[in-house]
Structures are given as C-alpha cells and as structure tokens.
Amino acid sequence: MDGKQSAATMAPPTTPTNPVAQLQVQFKELETGFRAWLAKQPTAVEAAVVTATSAAQGAFIGALMGSLTSDAAIPTPPPNAPGFNPQAMASLKQAQAFTGGPLVQARNFAVMTGTNAGISCVMRRIRGVEDMQSSMVAAFGSGAMFSLVSGMGGPNQALNAVTSGLFFSLVQGGIFKVSEKFSQPPAEDMLYSHTKGMLTSLGLQNYEKNFKKGLLNDATLPLLTDSALRDVKIPPGPRLLILDHIQRNPDLVKR
C-alpha cells in the first residue's frame, strides 16, 4: 500500500493539452518559417509565390460570391437580337463582371488579388517600404488586369484598362489616407515604422519588443550589427535575416 502511494506521489503530473492551441502554435511556426524562407529568395521567386497564393485566395472568395449571386446573373443577348444596341452591350458586360457565375467571379478575383499582391511585393522589395505610392501602383495594375480579363467597358480595351486602373488607384489612395488618418500610431511608435515594416516582411514581428527595449529605432537601422542584435536577445537566425535585409536595401546602405 505504501509502495503504491509513493509511486503515485513520484509520478509527474499530467498537464491537459489543448489540441486547438497546439495546432495554432504549429501553424504559427510554419508561417514564420515560410516567411523567413521567402524573404531570402530572389524577388522573382517571392513575387511568384505571393501572386499564386493571393490568386488562390481571391479565386475562393470570387467563387463563393459567384455562387451566392448566380441567380442574379445577367444573360447576354445574341448580337442579332431585336433592338440590339452596342452601347447597351458595353454596359451589360460591365454589370456581368460583378454578377457572373462562380467560375467567372473566381477568375476575375484571382487576377485582381494576384496582380495586386505581386506588384506590392515587387514594390516593397525595390523601395523597402509599404506606403501609399506602392499601394496605388499595385491597385492600378490590379484594376487594369481586372478590366482586361472581365471585358468590362467599351470596345477600346486599352482605354478601359487605363480608366479602370486609375479608378482602382484613386480608390485605394483614398482608402489608404483615411485608414492612415484614423489609425495614427503613438509618437513613440512612429520612430519604429520602418523597423516594424521590416520585421513584418521577414515574419519576425515577434521581435519588435526587443528593438523597442534596446531603443533600436528607424534611425539606427543602417548602424545595426550582429552584436547589437545579440544584446537585445535576438536569436542567430533572425539576426542573419535582419542584417541580410539591411544589406540588400539600397536606401539603408546609402544612409
């Protein structure tokens, strides 16, 4: 009896595990590792991967919207139908671009979201920042491609693409300014805007607190060394990614 009691006392306590929490942790680790791997790839590889994944997400959303609005799809009359009007056909195609079936909407949204994400990725690699200019350029490209694929507008597809691109770009610029106005960060966080953007692009946003604790703000980015990052307790792998990102950024190298 005493032996059983002592064995039960010495047994390590079992802690209940939450499978959902474990899956979340594993997914977060996979996502961080994938972002870190992607950040080390050439610009063309990263842009292709980002474009493909965003296009897949857009296709899913478009197919879902198309299935919900399939009953409202507008049929296209034949050209020899009585009372056929070419100008009305242009308006009809513009309406069909937003009320098509699941396959049509999946195609339209895949092109729109994929183009936007790909251009944004290239602009971030080239300019090193994510700002309104980059966002508007990406929106122009996605709007132009959406117009070409969906066939919306009149017979002049080049003019339609430019017009749609400008419209998307202006809307995106307005949204960016409004969101920027209503989400102004504290004065202290403004000193870490480029730092935060760099860490987010590398999938290392968990180390933002390390930078703030060591007062490593935007002004110190060109001066960062391995020892400085080690002093704020950043592991070797993330240190290599951060230093490599800084060395490949022309603005930071110039500074």
**OP:** List, by chain and number, the other hydrophobic cluster members for Met145, where Ile, Leu, Val, Met, Phe, Trp and Tyr join if side-chain heavy atoms come within less than 4.5 Å, directly or indirectly.
**Re:** Val111, Leu148, Val149
Quick check: do [X] and [Y] have side-chain heavy atoms less than 4.5 Å from each other?
X: Met123; Y: Ile119; value: yes
X: Met136; Y: Met132; value: yes
X: Leu215; Y: Tyr192; value: yes
X: Gln172; Y: Ser169; value: no

Subject >> Carboxylate-amine/guanidinium proximity below 4.0 Å for Glu46 and Arg124 >> reply: yes
Please set out all donor-acceptor pairs under 3.5 angstrom arising from side-chain atoms of residues 38-45, sequence neighbours excluded.
unit_1: Gln41; atom_1: NE2; unit_2: Trp37; atom_2: O; d: 3.0
unit_1: Thr43; atom_1: OG1; unit_2: Arg125; atom_2: NH1; d: 3.2

Please say yes or no: joined through hydrophobic side-chain contacts below 4.5 Å, possibly via intermediate residues, are [X] and [Y] part of one cluster?
X: Ile246; Y: Leu199; result: yes
X: Leu103; Y: Leu64; result: no
X: Phe146; Y: Phe109; result: yes
X: Leu240; Y: Leu202; result: no

Residues 23-32, side-chain donor-acceptor partners within the protein, below 3.5 Å, at least two apart:
unit_1: Thr32; atom_1: OG1; unit_2: Lys28; atom_2: O; d: 2.9

Please check: side-chain N/O of [X] versus main-chain N/O of [Y], any donor-acceptor pairing under 3.5 Å?
X: Ser164; Y: Asn160; value: yes
X: Ser179; Y: Phe176; value: yes
X: Asp131; Y: Ser134; value: yes
X: Asn116; Y: Ser142; value: no
X: Ser147; Y: Ala144; value: no

Original post:
What residues form a side chain to side chain contact (heavy atoms under 4.5 Å, CB included) with Thr113, not counting sequence neighbours?
Top reply: none
Name each donor-acceptor pair under 3.5 Å that joins a side chain in residues 50-61 to protein atoms two or more places apart or in another chain, with its distance.
unit_1: Thr51; atom_1: OG1; unit_2: Ala47; atom_2: O; d: 2.6
unit_1: Thr53; atom_1: OG1; unit_2: Val49; atom_2: O; d: 3.0
unit_1: Thr53; atom_1: OG1; unit_2: Val50; atom_2: O; d: 3.0
unit_1: Ser54; atom_1: OG; unit_2: Val50; atom_2: O; d: 3.0

Within this structure, what is the [atom1]-[atom2] distance for the pair [X] and [Y], rounded to the nearest 0.5 Å?
X: Ser201; Y: Lys196; atom1: OG; atom2: NZ; answer: 13.0 Å
X: Phe211; Y: Leu221; atom1: CZ; atom2: CG; answer: 7.0 Å
X: Met198; Y: Leu204; atom1: CE; atom2: CG; answer: 8.0 Å

**OP:** Go through the steps for Leu166 and Phe140 under the test side-chain contact (heavy atoms from CB on, under 4.5 Å), then give the verdict.
**Re:** CA-CA 6 Å; Leu166 289 175; Phe140 179 88; 3.9 Å; yes
Donor-acceptor list for residues 226-236 side chains, cut-off 3.5 Å, not counting sequence neighbours:
unit_1: Asp226; atom_1: OD1; unit_2: Arg239; atom_2: NE; d: 2.9
unit_1: Asp226; atom_1: OD2; unit_2: Arg230; atom_2: NH1; d: 2.7
unit_1: Ser227; atom_1: OG; unit_2: Thr225; atom_2: OG1; d: 3.1

Subject >> Derivation of the side chain to side chain donor-acceptor pair (under 3.5 Å) call for Asp218 and Thr195 >> reply: CA-CA 6 Å; Asp218 295 347; Thr195 302; 2.8 Å; yes
